[in-house]
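All remarks here apply to the structure that follows.
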Amino acid sequence: MNPIAESTATYAKNAHDQCENIDSANAKITFAEMGKTHTIKNDYYQKDLNKIYPSISYGNAIEDVRNQIEYDVLAERGYGSVLDEIVSLLADTVTSPAETVRINQINIPTDKVKWRLKQLTAEHIEYVISSLEKNTTEIKNMRAYLLTALYNSIDTLDTSALYGA
């Protein structure tokens, strides 16, 4: 097999495996063609999750996010503009009327994303900011990268302590 075909096959297998490893009951995952968007439809996350952030205004979302992540404490630590960007990104996401949010190149139901983002604490925010400071690779889409990092921090914060990161 030539190197390009091997690379393409590896990419397709990794993308397929990534979709199969999504932790959700009753998930219907489609993987039509390589390069197309993965779609996740999950009834579990669409039952009562509107209670997490029921239709709220952007201003109220900003206030809720700031309270949730202990904005004042983090601001005293000198995180400045990156902290404001995180608050803005979280407020944009929780007030989004879209049915899905793109996380790590996969469209995930907005309710599931809101549910996970509601779990964020000041510790998660510090972890993400610290990880950004250590990053040496070029980030082409900072908002997408940051949203993915915030979404994944729920899982990676605990495991990073195991590996001394």
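Atoms considered below: every heavy atom in the structure, side chains included; atoms not considered: hydrogens, waters and symmetry mates. This is a predicted model, so every value here is computed, not measured.
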Practice task
Output, in order, the C-alpha distance, side-chain angles, deciding distance and verdict of side-chain contact (heavy atoms from CB on, under 4.5 Å) for Tyr79 and Ile125.
Solution key: CA-CA 10 Å; Tyr79 293 123; Ile125 304 303; 6.0 Å; no

Nearest 0.5 Å please: distance from the [atom1] atom of [X] over to the [atom2] atom of [Y].
{"X": "Gln119", "Y": "Ile154", "atom1": "CD", "atom2": "CD1", "value": "5.0 Å"}
{"X": "Asn141", "Y": "Arg102", "atom1": "CG", "atom2": "CZ", "value": "10.5 Å"}
{"X": "Leu90", "Y": "Leu147", "atom1": "CG", "atom2": "CG", "value": "7.5 Å"}
{"X": "Leu120", "Y": "Leu150", "atom1": "CG", "atom2": "CG", "value": "6.0 Å"}
{"X": "Glu126", "Y": "Thr121", "atom1": "CD", "atom2": "OG1", "value": "8.5 Å"}
{"X": "Ile69", "Y": "Leu117", "atom1": "CD1", "atom2": "CG", "value": "11.0 Å"}

Fill in the blank from the handout: Across all chains, not counting sequence neighbours, the side chain to side chain contact (heavy atoms under 4.5 Å, CB included) partners of Ala91 are Tyr58, Ala61, Ile62

Exercise for the section: Sequence neighbours left out, what passes side chain to side chain contact (heavy atoms under 4.5 Å, CB included) with Glu70? Give chain and number order. Expected result: Val73, Ala122

Handout entry: Nearest heavy-atom neighbours spanning His124 and Leu157
Key = CD2-CD2, 3.6 Å

Exercise for the section: State whether the side chain of Thr148 and the backbone N or O of Asn104 hold a donor-acceptor pair below 3.5 Å, judged by distance alone. Expected result: yes

Practice task
Spell out, as yes or no, whether a donor-acceptor pair under 3.5 Å connects the side chain of Thr110 to the backbone of Thr100.
Solution key: yes

Is there a side-chain contact between [X] and [Y] (heavy atoms, below 4.5 Å)?
{"X": "Thr156", "Y": "Tyr127", "value": "yes"}
{"X": "Val113", "Y": "Thr93", "value": "yes"}
{"X": "Thr95", "Y": "Asn60", "value": "no"}
{"X": "Leu132", "Y": "Ile139", "value": "yes"}
{"X": "Ile108", "Y": "Tyr151", "value": "yes"}

Handout entry: Within 6.0 Å of CD in Glu123, more than 12 heavy atoms from elsewhere
Key = no

Practice task
Could you please spell out the steps behind the salt bridge (Lys or Arg N to Asp or Glu O under 4.0 Å) verdict for Asp155 and Arg116?
Solution key: CA-CA 10 Å; Asp155 297 327; Arg116 284 184 60 106; 3.0 Å; yes

Completion exercise
Quick note, salt bridge (charged side-chain N to carboxylate O under 4.0 Å, His left out) partners involving residues 136-152, not counting sequence neighbours, are Glu85-Arg143, Asp92-Arg143

Exercise for the section: Would you please say whether a donor-acceptor pair under 3.5 Å links the side chains of Tyr71 and Asp84? Expected result: yes

Practice task
Tell me, with the steps shown, if Ile86 and Ile129 meet side-chain contact (heavy atoms from CB on, under 4.5 Å).
Solution key: CA-CA 9 Å; Ile86 288 171; Ile129 292 172; 3.9 Å; yes

